[in-house]
Each structure stands twice: as C-alpha cells, then as structure tokens.
Amino acid sequence: MTPAIETEGLTLRYGHFTAVGDVSLRVEAGARHALIGPNGAGKTSLVHALTGNVPATAGRIRVAGQDVTALSQAERVRRGLARTFQINQLFRGLTVMENVSLAILERERKTRQFWRSFAADRAVAEEAREHLAFAHLEELADRPVRSLPYGSQRLVEIAIALATRPRVLVLDEPAAGVPAAQSESIFERINALPRDLTLLFVEHDMGLVFRFAERITVLVGGRIMTEGTPAEIQADERVREVYLGRRGHHGAA
Amino acid sequence: MRLIRIGAGLPLLLAAVASFFLFPEYLSLLNTLFILAIFALAYDLLQGHAGVVSLGHAVFFGMGAYTAAVLAAHGVTEPVVGLLAALLLSGLLALLLTRIVVVGNDLTRLLVTLGIGFLMLEAANQARWLTGGADGMSDFTMGPVLGLFRFDFAGETAFWYSLAALVLVYAFLWRLTTSPFGLALRGIRENVRRMPAIGAPVRRHLATAYTISGGIAGLAGALLAQTSNFASLDMLGFERSAEVMMMATLGGTGSIPGVVLGAVGFSYLKDALSAMSPKYWHLGIGLVLMLSVFVLRGGIAGGVSALLRRLRGRG
Ligand SMILES: Nc1ncnc2c1ncn2[C@@H]1O[C@H](COP(=O)(O)OP(=O)(O)OP(=O)(O)O)[C@@H](O)[C@H]1O
Ligand SMILES: [Mg+2]
C-alpha cells in the first residue's frame, strides 16, 4: 500500500547547522507512528520541513504517493497534511468556535465571501460543533481562546487541525506543558480519532509513547537512529542510553 | 464589544442627521468629518481587522481626489460617476501595489508604504499638466448629483451626499467584517503563522483587503475633491497618512463605530486646538493619543466597552 508519508533524504539546515539530516521516513496509511528523541534532536524541525512550515534544504516529500516537495504549506494542507504546534499557535482573541469555524471556512474556500455573516452559515456551525464535541470543548465554545486553561488550549490546537479534514495529522507534542493527568485525557482523545486518519506524533513521555504508538522512529542529532515496534525500541540498548543519559532535560520546550 | 459593534450604527446615524438641524452653519465642517470617517474606516480595515499597518494610505485618498477632479475638468461632471471611477482606480492602484506591500513584516511595510507615499507625492507634483502640481486643481465645476441635486453654498447637498456615502461604506464594512472573509482577516491579525497551517491563502486575503481599503480611501478623496471643488498635493501627503492612523487609534482600532468617533474627535480637536495655537495642537494631540493608548486601552471604543462591562458587572 502507498505510505501516507514518505520522505527521501529530507534535510533542513539553519545556516551551517543541520537540524534534520538525510531523513528517509515512511509512515504507513492509518499508522499510529511516534517520533521520539532527546531535546534538540530535530523533531520539530522535521515536522516543519514535512509540512512546509519551513522550506526543506534538500530531499523529497510524498503524501499518499503525491510529491508535495514544491508545494507551500497551505497547499499541503489542501492535500490533507495537517499539523499541530508544540507551542500553541492559536487565534487567541477569537472564540473557540471562531477558531474552528475559520479552519472549516478556509477548507471550503468560503473565506472569499464577504456579503454574508459567517455565523449564519449553518453547515459550518454544525460541523464546528462536531469538532468541539469531539475535543470536549463544547462548553467553552463562546469563550475567547486566551481565557482558556492551558490544557483546553491544547485541545483547541487539535480541533483546529481536525477542522481542515486531514488524511494525515502530525502532532508535535500535543500534551506539551500540561500536567500528567491532563496529558492522559489529551492522548485519550487522540486515540479516539478515526483509524483511517494517519497519525504521526512527537512525544517525550515514554509511557504514553509505548501505549499509543504502533511504530516508533528515534531521531538523534537530526538523523534517524533506529525505527521499530514499541517492543523493539524498548529493548534497544542505544535508545535507552540516549534517554537515560539525558533524562533530566526532558521538559516541555 | 459585540453589543456596541451592532448597536452603535443607528445612534451615530441619528446624531449625524440631528447635527444637520442643530448646526446649520457648520455643514461644510460636518461634511469633512463624514469624509474623514470614511477614510479612517477604509484604513482601519487593514490596521484594525487584518492587523497590518500602512503609513502611506493617503496615496489612495489623493488618487481618488485627483481622479474626481481630472474627470470633472474633462467634462465628466456627474459626481457619482466620479466617485465610482475613483473607487475603481484607487482600488486598482492598491491592487498593483499589493505585491510589494503584502510581503514582509510590519517594519518593512511601514517603510515601503512610507516610500510609496513620497514617490506618489513627487509624481503628482511633477505631472503639472494633469494635476496642477503644487498649485492644485480648482478649475472644475461639479454637476448636480445624479442630475438632480446641485451643490449649494450652504453645503446642504454636500452634507447629505457624503453622509449617504458614509452610511453605505459603514454598512458594507460592517457586513464584511462579520463575514467569512472578515473572520479570515481577524485570523491574520491574531496569528499569521497559523493561517497557512489551516490552508489559508494569506497573501490573497491581504491583497483583497488592501484593494478594498484603497478603493474606499479613494472614494473618500473623491468626495473631498468634489465637495470642496479642490484637489491638492496635501491630500496624498504624509501628514494625512499619519492622521488617519491617529484617528483609528484614538477611536479604537478594530471597532467600526469607534473609528467613526475617532475621526470626528480627532478633527474636532485639531480644529479647536489649532484655533488657539499650532503649539497647542501638537501638545494636545500628543497627550490625547497617549491617553487613548495607555488609559482608555483601545481608544474611545475600548473605553466605552470597559465602561459597559463595569456597569453590567454592577447591575
Ligand atoms: N530557527 C532556527 N534557527 C537556528 N537553529 C534552530 C532553529 N530552530 C531550531 N534550531 C535548532 O535546531 C535543533 C533542533 O531543534 P528542534 O526544535 O527541531 O528540536 P526538537 O527535537 O523538537 O526539541 P524539543 O524536544 O526540545 O522540542 C536545536 O539545536 C535548535 O536549537
Ligand atoms: Mg520540538
């Protein structure tokens, strides 16, 4: 089967510094695929390059077999590749409902309309409510995002991405910065996503990774160190070394 | 905030109509206020809604003024035709300029729009054969509006003509800012980095906003040229660009009724303070601007909504 994401020699340099080096990654369709690695390993940089947030220095990227290397970030979103951010990127002054509605309106190319009220668009409002219900945000729908507790803001981050109706969703530390109890419930939501949606997620908490991932890629120094099933990764001496050696540094960045 | 946004249009309109009867000697001043309100609304579509600044917006105002004046001087004297032509040409100019304005960040945008302003001023100055250069243009006569209403000395026709334009622009922008496109502009203002990640064509949105804003600014300029029978270089100069920014800030950028009040308040202050002494004008407007940013937080509109919140909190 065609993989959902396939990269060939993907490289991202910031000046002379190679943040992502020659990464060839394959994420199967419908996968629950984790991307792990110590702080500064280049995970976020890889997500940037993959989604077009930062143009890659070299390499090729295919989404569902289609070469998207030359496409802009927005065009990749239209091909079904969405992402969330490690550090919230929300429309803070808008309500939760408006945040999600905006993503729907952009997807439907309705943002060209300026002669009707967006709030009066029933179809959009209904769909937005569905995404909010999924993310357990219904009660907060009319609150400005900036007034929400951080954990809820992380869920808005995901709800916005879902509203683009992705085929592949890349989650960069979806539970970054929230207390352990809440990261559970965020991952519980992620786990409830439909199986035909391919998930690639970055996560530091090994407990969560081993529970939710079916496949794990380990990134160290911008390069893939190894890849395997949770059992294989758990048994890998080198992975343990990388992690044990740096345990103290695993904060949310 | 929402309450004021929807509710303030009607009282403002009533106040405008009432002023016709209350201040019959000041009709031409009121006419100018309406025109500046239109200009400020046009500008604030960019600053207040899309969150992008411009220091050269008078270019479009001046473009509209000269379009109307040149047309009238060449025999197209029906005002509404002149207005539409000004709207289209200024919008077109804005569209052509979007490529260099939309790229970059706020600082580069300020510098680029400032530069465009200087270039256009010099271009208008050099094109004496068309614009009259530094002398301006005044040898044209406007026909009656729609062939029916002649401009009179008291300024009654001008008053209603500009007020009608203001009402249309107000309604149009109010509709626009509550539309899907308006939401996308607010998205750009709130987080321009997230927009491409939801598939949004940010440049296209900004180009559209810039074109609409430029077109309406041109319409305001045309109104001024037509009702004052004059077009001159100061209509596209830096001072006018800076003033429109101050009007929006004073009124409360992002709020349509607020910006209208800002334009009125600014012009009133300018008039009153300059009458005392030019010194007072600069001192006064300096203090008022500080006050509207640091104390009122969000200008007049911000002050009013804070007041409403407090009243509601008590009641
Ligand atoms: N814009 C940038 N310019 C220069 N260097 C950068 C830039 N962004 C990231 N880096 C560097 O690239 C390296 C990889 O950063 P990245 O954020 O991708 O790591 P990460 O694996 O996501 O780390 P974390 O687990 O802390 O989120 C780091 O050394 C970082 O300092
Ligand atoms: Mg990271």
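Numbers restart at 1 for each chain; the letters A, B, ... are given by sequence-line order, proteins then strands. Quantities reported herein were computed from a predicted structural model and do not represent experimental measurements.
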*What part of A:Leu90 gets closer than 4.5 Å to chain B, counting heavy atoms only: side chain, backbone, both or neither?*
both
*Output the option from A:Arg92, A:Arg83, A:Arg112, A:Arg78 having the highest count of non-hydrogen pairs under 4.5 Å with chain B.*
A:Arg112
*Please look at A:Glu108 and chain B and tell me whether the side chain, the backbone, both or neither of the residue comes under 4.5 angstrom of a heavy atom of that chain.*
neither
*Tell me, yes or no, whether the heavy-atom count around A:Arg195 atom CZ, taken from other residues, nucleotides or ligands under 6.0 Å, exceeds 12.*
yes
*Select one option (side chain, backbone, both, neither) describing which atoms of A:Asn53 are under 4.5 Å from chain B's heavy atoms.*
side chain
*Could you give the distance from CZ (B:Arg189) to CG (A:Leu94), rounded to the nearest 0.5 Å?*
7.0 Å
*Quick one: of B:Arg175, B:His205, B:Arg204, who has the most non-hydrogen atom pairs under 4.5 Å with chain A?*
B:Arg175
*Under 3.5 Å donor-acceptor, B:Arg194 side chain and A:Gln89 backbone*: yes
*asked:* Would the distance check show the side chain of A:Gln113 and the main-chain N or O of B:Pro180 forming a donor-acceptor pair, the cut-off being under 3.5 Å?
replied: no
*asked:* With a 4.5 Å cut-off on side-chain heavy atoms, are A:Phe118 and B:Phe181 touching?
replied: no
_Portion of A:Ala161 that has a non-hydrogen atom of chain B nearer than 4.5 angstrom_ = both
*Below 4.5 Å, heavy atoms only, C-beta onward: do B:Leu183 and A:Phe91 meet side chain to side chain?*
no
_Toward chain B, the part of A:Ala82 with a non-hydrogen atom under 4.5 Å_ = neither
*When rounded to the nearest 0.5 angstrom, what distance separates CZ in A:Phe114 from OG1 in B:Thr177?*
12.5 Å
*With a 4.5 angstrom heavy-atom cut-off, which part of A:Thr164 approaches chain B: side chain, backbone, both or neither?*
side chain
*From B:Ile198 atom CD1 to A:Arg107 atom CZ, the distance as rounded to the nearest 0.5 Å*: 11.0 Å
*Would you mind reporting whether A:Leu102 and B:Met195 have side-chain heavy atoms less than 4.5 Å apart?*
yes
_Value rounded to 0.5 Å, distance of OG in B:Ser179 from CG in A:Asp121_ = 11.5 Å
